[in-house]
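Reading through the structure tokens given below for one structure.
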Protein chains: 2
Amino acid sequence: MATKSAAQRRAEAKIVYDAFMATCPTRQVMATVGDKWAGLLLNAMADGPRRHGQLRVTVAGISQKMLTQTLRTLERDGLVVRTVEASVPVTVTYGLTELGATLMPILRALKTWSESHIGEIMDARDSYDGAMATAS
Amino acid sequence: MATKSAAQRRAEAKIVYDAFMATCPTRQVMATVGDKWAGLLLNAMADGPRRHGQLRVTVAGISQKMLTQTLRTLERDGLVVRTVEASVPVTVTYGLTELGATLMPILRALKTWSESHIGEIMDARDSYDGAMATAS
DNA sequence: CAGGATCCCATTCGATACTG
DNA sequence: CAGTATCGAATGGGATCCTG
């Protein structure tokens with residue numbers, strides 16, 4: 001019995017957490033929007049639909065895999081639409097949906113906040129790191 | 001030479017990405033705020049300072065390690081203050097800084113958006129998943 | 001009670017190669 | 001050009017034990 005309690009504890013904790021996740025809209029959205037690349041991609045599409053290749057260039061550093069994967073997630077959540085034009089070769093564009101567009105003001109607000117407070121954050125980091133070094 | 005290009009490519013890509021990260025305030029902030037637990041913790045402290053133990057209970061599912069680790073990150077970024085009261089046993093409280101407080105309206109906006117649009121997202125997911133299943 | 005240190009598993013992400 | 005599949009490295013995060 002004692003040998004099982006560890007695994008069980010873990011399983012139960014996960015259930016509690018999952019239940020919380022399921023009932024917490026904010027965490028759901030954060031999980032998508034706070035993703036490493038999602039924000040960048042949404043921002044890159046803010047001014048209109050973009051093509052796969054364009055996004056790859058615009059969002060410097062993203063791998064092809066993560067580009068596709070992130071776009072799929074955003075599409076699944078209804079924030080982005082994928083449009084296929086039957087040409088040769090086939091052309092695919094990604095753009096914001098109505099829902100995605102309503103999210104942009106918040107992202108922009110976050111961006112604005114970030115730009116106006118990044119200095120304070122950097123200072124805080126420096127003094128924090130400095131205090132650590134001095135504490136010896 | 002050819003054998004080195006792979007590693008070099010990677011190194012260069014990372015440099016480009018790091019340079020971008022260093023110059024993109026939004027990503028810096030997102031990296032902190034979009035963290036798995038940071039948002040929950042900030043929210044838990046919104047109504048006033050809380051103690052370590054309290055936070056651990058309030059934010060269901062967080063491990064002791066991640067609690068401490070996340071608090072350290074938030075403290076380093078100057079969003080949270082750690083206050084030690086010299087009592088026996090020692091009492092430690094965490095609260096928002098002025099800077100942290102200015103971020104809350106945005107988090108609240110995100111929370112509000114999430115709560116009012118989570119239904120659409122869920123619907124989008126269902127229809128997306130449904131389309132996948134039907135596509136066979 | 002607060003939290004540092006360690007071990008270890010699960011997930012993430014990138015590089016590469018291949019299909020339509 | 002757009003996208004899929006696979007493998008390996010890196011990271012995140014949890015359980016446990018231990019200290020002030």
Side-chain angles (χ1 to χ4, degrees), chain A residues 2-18 21 27 31-32 34-38 40-41 49-57 59-73 75 80 82-94 132 135, chain B residues 2-18 21 31-32 34-38 40-41 49-57 59-76 80-94 132 135:
Chain A
T3 45
K4 285 190 177 181
S5 63
Q8 286 212 340
R9 276 277 189 69
R10 184 176 163 189
E12 286 168 19
K14 185 163 176 53
I15 289 172
V16 171
Y17 176 68
D18 288 349
M21 271 293 283
R27 272 239 53 77
T32 299
D35 177 86
K36 187 175 181 182
W37 302 109
L40 281 315
L41 285 175
R50 293 286 184 275
R51 298 186 50 184
H52 185 103
Q54 286 180 297
L55 290 172
R56 189 168 172 165
V57 174
V59 181
I62 193 171
S63 68
Q64 187 276 328
K65 175 185 171 182
M66 292 316 297
L67 175 55
T68 300
Q69 188 171 302
T70 307
L71 285 171
R72 286 291 172 282
T73 302
E75 187 190 358
V80 160
R82 177 173 178 270
T83 308
V84 180
E85 289 162 43
S87 54
V88 180
V90 66
T91 300
V92 182
T93 60
Y94 294 89
M132 290 296 95
Chain B
T3 44
K4 286 190 178 181
S5 63
Q8 286 213 339
R9 275 276 189 68
R10 183 177 163 190
E12 287 169 20
K14 183 163 178 51
I15 289 172
V16 171
Y17 175 68
D18 288 349
M21 269 295 282
T32 298
D35 177 87
K36 187 176 181 182
W37 302 110
L40 281 316
L41 285 176
R50 293 286 184 276
R51 298 185 49 185
H52 186 101
Q54 286 180 297
L55 290 172
R56 189 168 171 167
V57 173
V59 181
I62 194 170
S63 67
Q64 185 275 325
K65 175 185 169 182
M66 291 318 297
L67 175 55
T68 300
Q69 187 172 304
T70 307
L71 285 171
R72 286 292 170 283
T73 303
L74 292 172
E75 187 190 359
R76 192 173 99 101
V80 160
V81 260
R82 176 171 177 273
T83 308
V84 180
E85 289 162 43
S87 54
V88 181
V90 66
T91 300
V92 182
T93 60
Y94 294 89
M132 289 298 94

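So you know, we letter chains A, B, ... as the sequences are listed, proteins then strands, and number each from 1.
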Nearest whole Å is fine: how far is [N] [atom2] from [X] [atom1]?
X       : N      : atom1 : atom2 : result
A/Leu55 : D/dC1  : CG    : C1'   : 13 Å
B/Gln69 : C/dG3  : CD    : C1'   : 12 Å
B/Leu67 : C/dC1  : CG    : P     : 14 Å
A/Arg56 : C/dG14 : CZ    : C1'   : 11 Å
A/Met66 : C/dT11 : CE    : P     : 15 Å
A/Lys36 : D/dT11 : NZ    : C1'   : 10 Å
A/Asp35 : C/dT11 : CG    : P     : 16 Å

Where B/Arg51 and B/Gln54 come nearest, the two heavy atoms and their spacing: N-OE1, 2.7 Å

Shortest non-hydrogen contact from A/Thr93 to A/Glu85? CG2-OE2, 4.0 Å

Applying side chain to side chain contact (heavy atoms under 4.5 Å, CB included), can you list everything that pairs with [X], at least two apart in sequence or on another chain?
X       : answer
B/Ser63 : B/Lys65, B/Met66
A/Thr32 : A/Thr73, A/Leu74, A/Asp77, A/Leu79, B/Arg125
A/Arg72 : A/Thr68, A/Glu75, A/Arg82, A/Tyr94, B/Tyr128

Quick one: pull up OG1 in A/Thr70 and CG in A/Leu40 and give me the separation to the nearest 0.5 Å. 9.5 Å

Can you check nucleotides 3-5 of chain D for protein contacts, nitrogen or oxygen pairs under 3.5 Å, and list what you find?
from: D/dG3; atom 1: OP1; to: A/Arg82; atom 2: NE; distance (Å): 2.6
from: D/dG3; atom 1: OP1; to: A/Arg82; atom 2: NH2; distance (Å): 2.6
from: D/dG3; atom 1: OP1; to: A/Tyr94; atom 2: OH; distance (Å): 2.9
from: D/dG3; atom 1: OP2; to: A/His52; atom 2: ND1; distance (Å): 2.7
from: D/dG3; atom 1: OP2; to: A/Tyr94; atom 2: OH; distance (Å): 2.9
from: D/dG3; atom 1: N7; to: A/Gln64; atom 2: NE2; distance (Å): 3.3
from: D/dT4; atom 1: O4; to: A/Gln64; atom 2: OE1; distance (Å): 3.0

What I'd like to find out is whether the side chain of B/Val84 reaches to under 4.5 Å of the side chain of B/Thr91, using heavy atoms alone. no

Looking at A/Arg27 and B/Lys36, would you say the former's side chain and the latter's main chain have a donor-acceptor pair under 3.5 Å? yes

Bracket notation of DNA chain D in which parentheses pair within the strand, [ ] cross earlier pairs, and | pairs with another strand (Watson-Crick or G-U, under 3.5 Å): ||||||||||||||||||||

Closest listed nucleotide, where the reference is the side chain of A/Arg51 and the choices are D/dA2, C/dG14, D/dG13: D/dA2

Name the closest nucleotide to the A/Trp37 side chain, picking from D/dG13, C/dG14, D/dC1. C/dG14

Once salt bridge (charged side-chain N to carboxylate O under 4.0 Å, His left out) is applied, do any residues pair with A/Arg50, and if so which ones, sequence neighbours excluded? none

